[in-house]
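Below is one structure, written out as structure tokens; the observations come after it.
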Amino acid sequence: MGHRWRYVWGMSDYSEDDAFEAAVPLSQRAMARPAMPYLDGLNPAQRQAVETLDGPVLMLAGAGTGKTKALMTRIAHLIFKGRANPDQVLAVTFTNKAAKEMRARLEKEPFGIETPMRWMGTFHSISAKLLRRHAELVGLQSSFTILDSDDQLRLLKQLVVASDLDEKRWPPRMLAGIIDGWKNKALTPDKVPVAESGAFDGRGVDLYAAYQRRLRDLNAVDFGDILLHMVTIFQTHPDVLHQYQTRFRYILVDEYQDTNVAQYLWLRLLAAGHKNICCVGDDDQSIYGWRGAEVGNILRFEADFPGAHVVRLEENYRSTPHILAAASGVIAANKGRLGKTLFTSVKEGEKVRLIGHWDGEEEARWIGEEIEASQRGTRGMAPLGLDNMAILVRASHQMRAFEDRFLTIGLPYRVIGGPRFYERMEIRDAMAYFRLAVSPADDLAFERIVNTPKRGLGDKAVQTIQRTARANDVPLVEGARLVCQGRLLGGKGLKELTELVAGLDRWHAQVRAEADTHVELAEMILDESGYTGFWQNDKTPEAPGRLENLKELVKALENFENLQGFLEHVSLIMDNETEEQGEKVSIMTLHAAKGLEFPAVFLPGWEDGLFPSQRSMDESGLKGLEEERRLAYVGITRAEELCTISFAANRRVYGQWQSQMPSRFIDELPADHVEVLTPPGLYGGGYGAAGMAASASPAIMGAAGSDLHQKAHDADVYNSPGWRRLQTRSQQRGMAMPSEARNMTIDATAISAFCVDERVFHQKFGYGNVLAIEGDKLEIAFDKAGTKHVVGRFIVSADAADDVPF
DNA sequence: CAGGGGCCCATTTTT
DNA sequence: TGGGCCCCTG
């Protein structure tokens, strides 16, 4: 069927405007289509979302309910029904990846729409395209450049310095944040509310205005401007607005819960005429409030667009009932939701598993073992490939424990959202040198570094070496030696190659003689080979980072006996890891996981302060907590078959060992859908790190109760016999306790109901942070009342105070 | 100009 | 604890 329709829209060779003006009355031809088979696979809700073509539609699509399918089918339907040709559909996504995927899927069966959808893309890419056409309306030329955040920062820094502000107290980065915030709210300098005029030492607005002038002079825009300028143009040039209101007959928006105010206005202006706007989203998955997203946009949709059809997609095709119930239980604690009830026709499945550990290292170790067990097939489940498993963390620094552990046991992993350390070019180069020092016959390593750094040994020289080596049936290094002896190369190349061969000989001798420590040797190799110098002389902006990575690599060597030992561990992983191939466990942040799904998901680090993040709660209070809770919801709903939540009783935070309380979200897990596991090394159930913390949880015990934290504090858990027993047992079994923890005596901080840095609330003085603890007296820095010494019984944890309206 | 030392701070991230 | 940034020095 593809051909026929391709023909119909074969006008895409025209200029865009011609194509637009020519807007073909497609309906007759479309009607001629025999059937619309693409509608067949939809459930009633999806079908309604697809077939309600006119007027505003809000598609509330819970996790795993076939949102993308519905969205794409709707687009196809609009086109096949002849309501619009592909050029008249505005389809907005948040990431280029999402747009790309959607394009790809629309081209394939059952849709076969091969006419490119010109207006499918991110807010930014579409706006940039529009802005190039109308740049002069905001004083720019259409050739304007788009600054990245680095450029932006450099510019702002100049302005801050020029304004005699103390760069330390008023960092340009902060100004960038403030300005971005204003732009996200579609506030031009003249529109910034008076209430915010105190920002940035009272200079914020002025600097913002100066920055905008500077950008204009440079004929440049930053990311925020791309949208802001278009909103300005739409607001001040009705003719332009009208042009696009007419052009875009239908508007579709994905991830609507993530839109900020500027994007909202942009959409509302464009949709104002026909109101044919379909927003797809899930208020429960709004996790980008910190970068300006307004959940309010989705919550207010019906008010903004009176008469809107709201369609709820609630049938979940992804997860088992227990997983859905757990996720629903957690998210139910949020207020002001639009509300959806996910259901599934699946009957079976494992409960969500919950386990506590002594510390973060043990948690990583346990998860590693679980992953290996799942690979073999466990608990009657079929073996799972590594691609089917993921570890989702709150903050990227949590990844390190897993990377370290997986590297040690040789478990292949991939980090989503950031290149892996051992995959970086400079690390691979350095490793190649080490490999050659250990095994001179490593030809791959030789090929890799023979001309790195540049030695004037190009393709031709390498070919000569290879030919010689092959002719004499020797490794490449020996081939190179023969080339040097026979003077088969000329001039500079010969000299350099001779030097390299001599160096390799020397390093190899050192390895064998064990004259120096392997760390010193590694440093020597990197220096003498000229590799370090190569990056030092490199002027590209990446060079310093690469040097840092090399330092890091050398530091990592300290954990091994010798170079060989290190290489063995890493090479096991790297060698059968041909680029992006092979099965790997995924490690990523919860944010990065949105939109993905895995049969098995691990959710480590569910500890108050880490998750929910203390900072989130401090900065945004209840709002912040609710966003964290949505993050928990996103995490759980990534799992198809098996979801494992874990926490550690102790964790190193900024180099300090800290006792951790299980996350309050654990309390919110419905007990009937959770299986509490006993941590390894602990005999029987009893008081395990998990057992204790979990059974302290009313939810898990099935007891009525509401405030785990207060109870836990009251019960003085860290001083409890159970806790001591755990500590002793762990020691006896030589469990995964780092030496610091092993020797740790339980100090006043842990015994007190509060801990240093804890956020607390005082009836009279308000909120504050604990500075120090002496017996039952606390030194607290109150936000408003200053630093005071207070007796502990007048203080409640800020967590508990959250329930008090403020 | 590059590197060392000291100091401050410490999520989430796309465009 | 440790990474990034700035400043100072050789």
Side-chain angles (χ1 to χ4, degrees), chain A residues 92-99 121-129 131 146-154 157 161 166-169 171-174 176-177 180 183-184 221-228 230 254-255 258-260 262-263 266 285-293 360 392-401 416-418 421 532-533 535-539 543-545 547-549 551-552 555-556 588-595 605 609-620 624 627-628 630-632 634-635 651-658 738 740 757:
Chain A
V92 195
T93 61
F94 267 84
T95 63
N96 287 314
K97 190 179 159 218
T122 62
F123 277 105
H124 291 270
S125 66
I126 291 168
S127 282
K129 201 148 114 186
L131 187 55
I146 300 170
L147 303 188
D148 63 22
S149 32
D150 261 11
D151 302 320
Q152 183 193 24
L153 206 58
R154 218 170 303 131
K157 194 177 161 181
V161 169
D166 179 4
E167 238 189 290
K168 291 259 168 58
R169 274 195 68 196
R173 193 169 283 285
M174 180 196 271
D180 282 346
K183 289 186 176 176
N184 285 338
V221 298
D222 65 17
F223 287 120
D225 281 338
I226 296 173
L227 281 156
L228 184 53
M230 276 322 295
D254 196 10
E255 308 279 16
D258 288 336
T259 50
N260 61 34
Q263 289 158 341
W266 190 97
Q285 292 188 67
S286 163
I287 55 175
Y288 286 105
W290 50 274
R291 66 177 198 211
L392 312 182
V393 298
R394 174 63 182 85
S396 49
H397 64 78
Q398 291 171 261
M399 293 179 183
R400 192 172 182 159
I416 311 278
F421 184 73
T532 313
W535 284 114
Q536 283 167 344
N537 294 328
D538 189 290
K539 296 288 179 271
L547 284 167
E548 276 305 304
N549 290 337
K551 269 193 212 162
E552 181 97 31
K555 216 188 288 171
M588 71 191 89
T589 63
L590 287 163
H591 284 91
K594 197 169 81 164
L610 185 58
F611 186 47
S613 138
Q614 191 58 50
R615 188 157 168 184
S616 232
M617 294 186 290
D618 288 348
E619 286 178 0
S620 315
E627 184 155 311
E628 296 286 307
R630 291 192 290 269
L631 219 32
V634 167
R651 197 176 288 277
R652 244 183 135 129
V653 182
Y654 305 142
Q656 303 273 80
W657 281 98
Q658 268 191 19
E740 293 93 323
D757 289 340

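Per chain, numbering begins at 1; letters A, B, ... match sequence-line order.
- With A:Q398 contributing its side chain and A:A395 its backbone, the two residues share a donor-acceptor pair below 3.5 Å.
- Remark: A:H124 engages no residue in a ring pair (Phe, Tyr, Trp, His ring centres under 6.0 Å) (not counting sequence neighbours).
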Per-nucleotide protein contact along nucleotides 6-15 of chain B, 5' to 3', at a 4.0 Å heavy-atom cut-off (B base, S sugar-phosphate only, - neither), is ----BBBBBB

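- Residues satisfying the side chain to side chain donor-acceptor pair (under 3.5 Å) criterion with A:K157, sequence neighbours excluded, are absent altogether.
- Scanning for side chain to side chain donor-acceptor pair (under 3.5 Å) contacts around A:E619 gives A:R615, with sequence neighbours left out.
- Among the heavy atoms of the strands, none lies under 4.0 Å from A:R630.
- Under the ring pair (Phe, Tyr, Trp, His ring centres under 6.0 Å) criterion, A:F94 pairs with A:F123, not counting sequence neighbours.
- For the P atoms, the distance from C:dC5 to B:dT12 is 15 Å, rounded to whole Å.
- Regarding A:R652, its CZ atom lies at a distance of 12 Å from the P atom of C:dG3, rounded to whole Å.
- When the P atom is used for both C:dG4 and B:dT11, the distance is 11 Å, rounded to whole Å.
- Not counting sequence neighbours, the partners of A:R394 by the side chain to side chain donor-acceptor pair (under 3.5 Å) test are A:E628.
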